[in-house]
Amino acid sequence: MAKRGISVGQALGEGFRLIGRRPLTVWVWGLVLLLPGLVPLAGLVGLRSVVMPGFDPAGPDPFDPQMFQVLAGLMALNGLSQILQIVGMAVVMTAVARAVLGRVGRRPFALGLGLHEVRVGVSHLVVMIGLVLVLFCLGFGLVAGGLALMGQVTEAQRPWGIAAVAFLILAPALALYGRLSLIAPASVAYGRLAFEEGWRMGRGQTGRLALLTLGTWLATVLLVLAAVVLMLGVGFLASMAAQALPMDWRVEDWALALGVLAGIVIVFGAMAGVVASISLAPYACAVRQLFVASEPAPSADGDIL
């Protein structure tokens, strides 16, 4: 396989370019990631209105049988929500890879549901489990060794020792995550589970992939922090407006509740889509740079949606 090398700058900028080219698509991706998390909230409203219209969570009898009906229903909805979140993550990961690799075809918003998504979901799950196990063993060994040596160093040397241990954990984590993150988009590029191909793509690119991962993590953290600040600001303004307006606000005021929910979905959907693009597109771009141009494009066989 011929290697051209990875342009870290180009890969880091791919998510931003994707947002500029497909803003509506990115927002839809955010909705796919966001909506499964709202299932328990919607279920709570439904359970209150159907199972027990007069239910009061702060009521005097916490052992009321109707309370257990609501709790059992919420547990089932939480399980369903988690499954849908896993499926949504696989769908969005595949869609981002398709958009970056130019394999969208006629799919709306690059979304699909079929064997491609199954491959990406399986590869991502296996990679994450393996990564956690490797890093846990590495971190445990380094921390244990550091604690054993802690008594043999002076007080002035301890900060340097802690920094060395942190570096010895972080550097392999960046390199390993960068190498393994090529497997999911490579599975889209090759049209099959591409554990071997994805790993082989990263040979000779470990340093650049580690740098790419560091940049991706920093950009994602900054975006999340900005989103948190925005949420706090919106919440503060909303509380100030609620105190200033003489409104007798009730949950039963469905028009107001639906308006607030629509605003949350629009804003947070955009945030989720932007974070997904910034964190996933760089690795798909790296695969695009390393992928052999003569490879046949995978077919769309296996899509059911």
Side-chain angles (χ1 to χ4, degrees), residues 1-19 93-94 96-97 99-102 120 123-146 149 159-190 193-225 274-295:
M1 179 180 295
K3 293 287 187 67
R4 293 179 297 169
I6 297 173
S7 171
V8 175
Q10 180 182 357
L12 286 174
E14 186 64 28
F16 297 96
R17 289 191 294 271
L18 190 58
I19 294 168
M93 289 180 67
T94 308
V96 172
V100 175
L101 296 171
V120 169
S123 62
H124 180 68
L125 181 62
V126 172
V127 164
M128 289 298 101
I129 292 175
L131 182 64
V132 169
L133 291 176
V134 170
L135 293 181
F136 174 79
C137 295
L138 176 64
F140 181 80
L142 288 173
V143 171
L149 296 174
W160 295 102
I162 295 173
V165 171
F167 175 79
L168 291 175
I169 294 176
L170 181 60
L174 292 172
L176 186 60
Y177 185 89
R179 290 287 299 269
L180 294 177
S181 293
L182 299 181
I183 294 176
S187 297
V188 176
Y190 284 93
L193 281 174
F195 288 102
E196 181 182 356
E197 293 87 349
W199 181 260
R200 192 169 59 236
M201 275 185 174
R203 289 178 181 172
Q205 307 292 326
T206 304
R208 294 181 180 183
L209 286 170
L211 186 59
L212 175 62
T213 300
L214 179 61
T216 301
W217 286 1
L218 289 176
T220 302
V221 168
L222 290 175
L223 284 172
V224 171
L225 290 177
V274 168
V275 171
S277 299
I278 299 303
S279 60
L280 297 174
Y283 300 104
C285 181
V287 168
R288 186 183 66 197
Q289 295 177 45
L290 298 172
F291 191 69
V292 177
S294 61
E295 284 281 348

Would a distance-only check, ignoring hydrogens and angles, find a side-chain to backbone donor-acceptor pair under 3.5 Å from [X] to [Y]?
X: Ser181; Y: Gly178; value: no
X: Gln205; Y: Ile6; value: yes
X: Ser277; Y: Gly15; value: no
X: Arg288; Y: Ala11; value: no
X: Gln289; Y: Ser7; value: yes
X: Arg179; Y: Trp199; value: yes

Could I get the full list of ring pair (Phe, Tyr, Trp, His ring centres under 6.0 Å) partners for Trp217, not counting sequence neighbours? Tyr177
Thr216: side-chain contact (heavy atoms from CB on, under 4.5 Å) partners, not counting sequence neighbours: Leu12, Leu212, Thr220, Ser279, Pro282, Tyr283
Work out which heavy atom in [X] is nearest to a heavy atom in [Y]; give both atom names and the distance.
X: Phe195; Y: Ser123; answer: CZ-CA, 3.7 Å
X: Ala284; Y: Leu101; answer: O-CD2, 3.7 Å
X: Ala281; Y: Val100; answer: CB-CG2, 4.1 Å

Any chance you could measure [X], atom [atom1], to [Y], atom [atom2], to the nearest 0.5 Å?
X: Leu280; Y: Leu18; atom1: CG; atom2: CG; value: 10.0 Å
X: Leu218; Y: Thr213; atom1: CG; atom2: OG1; value: 10.5 Å
X: Leu131; Y: His124; atom1: CG; atom2: NE2; value: 10.0 Å
X: Ser187; Y: Met93; atom1: OG; atom2: CE; value: 9.0 Å

Would you mind reporting whether Ile183 and Val126 have side-chain heavy atoms less than 4.5 Å apart?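 Answer no - side chains too far apart.
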Close side-chain approach of Ile278 and Ile19, heavy atoms under 4.5 Å: yes
